[in-house]
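Read through the structure below, which is laid out as structure tokens, and then see the notes.
Chain letters run A, B, ... following the sequence lines, proteins first and then strands; every chain starts at 1.
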Amino acid sequence: MRKLLDRYKRSRPYSDYLVFGILLACAPLLVELGVLRFFQLTLIAGVIVYAIVTLGLNLLMGYGGLFSLGTAAFMGLGAYFTAFFTGNLSWGFLPSIIVTVAITAILGMVVGLLASRVEGFFLAMATLAVAEILRQVFIEWTWFTNSFVGARADFPTFFSFTMNRNQTFVLLVVFLVIAMFVTHSIANSYTGRALSAMRGSEAAAAAMGINIFKYRIVAFSISTAYAGLGGALLMHFIRFTEPNAWIFTLSLMLFAAVVIGGVRSVSGSVLGAFVVFGVPPLILQNLPVIGDVNGLAFIFTGVLIIIVAMYYPAGLVYVWHDLKKLVYKARAKWGRKV
Amino acid sequence: MNIFVQILFNSLETGGILALATMGIILIFRTSKAFNYAQGVISMFCAFIAAWFMSETGFNVFVSTLAGVVGAVSVGILIDRVVIKRTIKLHSVSKQIVTLGLVIVFLGLAPMFFGNIPLTYGRFAQGTQTIMDATITNSALVNIFIGVALMAALFFIIQKTKWGLAVRATASNDTVARMMGIPTSIVTMGAWAVAAALGSLAAMMVAPTTTVNFMMMDSIQITALLACVLGGLGTFFGPVFAAYLIALARNLISFYISSVWADAIVYLSILGILLINPNGIFGKKLVKKV
């Protein structure tokens with residue numbers, strides 16, 4: 001037992017992520033027991049997918065200091081590709097996901113090429129334009145997306161075995177945990193350090209021998225690959241999509257999730273996704289009186305993002321840390337008096 | 001010939017609407033050092049105020065528009081005093097994140113006040129005119145006139161008056177401007193108020209062609225931001241010129257090439273121009289201190 005605990009402590013934070021995943025995977029069990037309701041499980045699944053996308057966006061924004069307002073379009077691209085592969089071409093789940101992620105990553109590289117010339121919030125604008133073009137594609141290419149009628153997909157199938165809803169939920173959790181592992185590893189690898197250096201000062205980073213051009217492209221392609229993966233997973237859980245699901249507002253919300261949760265933090269991204277996508281429908285709308293107000297979710301998220309950007313730039317994930325510090329301080333002061 | 005004239009007039013109208021939105025964004029960018037991503041939703045909100053005023057009181061379009069503009073000015077001042085004033089010391093990235101937050105807040109406020117049903121809004125004038133074989137609605141002529149007249153007036157104010165000088169001084173360096181006795185905080189507040197008013201006018205010109213709904217300004221907002229980048233952020237003139245240019249290009253492409261892909265082609269060409277010249281058409285190269 002003690003050995004196990006030691007091992008747990010040594011392999012943090014990976015073990016933390018694993019425990020988090022195992023706990024989250026119990027949610028379908030709670031539905032079977034009648035504690036959670038069915039639609040709440042769907043909402044949680046959405047939060048999991050958005051958490052994956054937020055992790056990718058955090059690598060781009062938090063570590064790389066590059067901005068993207070086109071994330072939703074890349075999610076949509078992932079959703080449509082997997083619908084096309086599994087539906088029209090009747091591929092299995094795994095090859096479809098792999099090819100989808102590869103394609104979105106390559107498209108991310110193309111956007112990254114753009115990023116090598118355009119800077120800062122100009123870049124955000126450029127990604128916005130790319131997203132608008134993609135949305136036009138979603139609407140017009142009926143053979144590929146089925147336009148406003150909507151595209152359909154099934155629960156994931158492995159060879160001849162088709163998963164049901166609960167198993168798919170567990171699969172999403174598995175992907176989330178893998179995404180957290182990978183993000184943490186990337187952030188603490190040479191790539192992550194190179195991205196951080198680039199964010200701090202490009203001139204200094206270039207002087208240290210970091211290839212700015214390469215790492216901008218790498219950052220973009222990682223983040224769009226996450227977005228593509230997220231879109232594809234959501235497609236296989238919700239099993240339906242249409243062009244209006246991938247609008248600018250969603251990109252904005254994902255951006256908000258990164259800022260609110262905490263830049264440069266893996267757990268912050270998950271927390272941010274939960275606060276932005278989970279808290280309004282799961283908690284706020286169940287409150288008496290204010291739960292019935294129109295547009296409450298938007299105001300909650302918007303005010304939160306303004307407050308966090310103005311007064312708490314590190315993000316909500318550090319609240320726990322700061323509270324602990326306060327307690328220690330208070331205890332030290334108190335201790336001295338006594 | 002008449003088709004080309006028709007396209008030209010259409011471009012002047014849509015370009016004017018775009019120029020109003022663009023001018024609002026560039027005014028705020030120069031004085032507050034941040035892109036105002038919320039310009040579109042603020043205009044949308046003010047168009048809702050005007051449309052709601054019209055349906056509640058039954059006044060004609062002009063009075064309602066006045067109400068909308070007054071609403072816009074107060075919304076602009078309110079935003080500046082409540083939010084933007086407290087962000088002066090923040091990095092420009094944080095400021096823009098704050099404006100993104102404002103976008104989300106207004107998307108929530110609009111259904112809270114005005115419900116989920118789109119409203120309708122009237123035109124400024126009825127009837128049509130024939131100029132050089134091209135048929136033009138009177139309301140389009142009014143829109144063209146408002147666009148050109150407002151732009152001319154604003155450029156006159158910025159270039160020739162004392163307040164314009166204050167705006168330009170704040171734009172070039174607000175710390176030094178403050179030391180020279182320019183009330184930069186009032187200049188910034190004025191910029192937000194004027195920007196909101198311009199945006200709401202643009203929204204009220206768009207409103208008759210669509211309805212007053214939550215997404216009405218989305219595409220104009222995106223195009224206006226791109227116009228700012230395309231024209232270059234160093235001048236007031238560049239973005240406005242780019243706005244008219246984009247409108248003309250868009251109309252020409254949608255007539256001669258494809259109406260469905262016009263937006264996509266315009267966006268792609270803007271991206272192409274930015275790749276060649278990242279500072280925009282009239283932009284000066286930004287010198288970065290290391």
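At a 4.5 Å heavy-atom cutoff, B:Val266 makes no contact with chain A through either its backbone or its side chain. Heavy atoms of A:Val303 lying under 4.5 Å from chain B belong to its backbone as well as its side chain. B:Leu268 touches chain A through backbone and side chain together, each having a heavy atom under 4.5 Å away. Interface residue B:Leu90: only side-chain heavy atoms are found under 4.5 Å from chain A. Of the atoms belonging to A:Val308, not a single heavy atom falls under 4.5 Å from chain B.
Residue B:Ile28 comes nearest to B:Ala191 through the heavy atom pair CG1-O, 4.2 Å, listed as atom of the first residue, atom of the second, then distance.
With B:Phe236 as the aromatic partner, B:Arg30 meets the cation-pi criteria of under 6.0 angstrom to the ring centre and within 45 degrees of the ring axis.
In summary, the side chains of A:Asn244 and A:Arg135 do present a donor paired with an acceptor at a separation below 3.5 Å, with no hydrogens or angles considered. A donor and an acceptor atom, one from each side chain of A:Trp246 and A:Thr241, are located under 3.5 Å apart.
Residues B:Phe113 and B:Phe48 place their aromatic rings such that the two centres sit no closer than 6.0 Å.
A donor-acceptor pair under 3.5 Å links the side-chain atoms of A:Thr224 to the main chain of A:Thr104, judged by distance alone.
Per-residue counts of heavy-atom pairs under 4.5 Å with chain A were compared for B:Thr87, B:Val260, B:Thr223; the largest is that of B:Val260. Across B:Ile276, B:Ile222, B:Leu274, the residue that shares the most heavy-atom pairs under 4.5 angstrom with chain A is B:Ile222.
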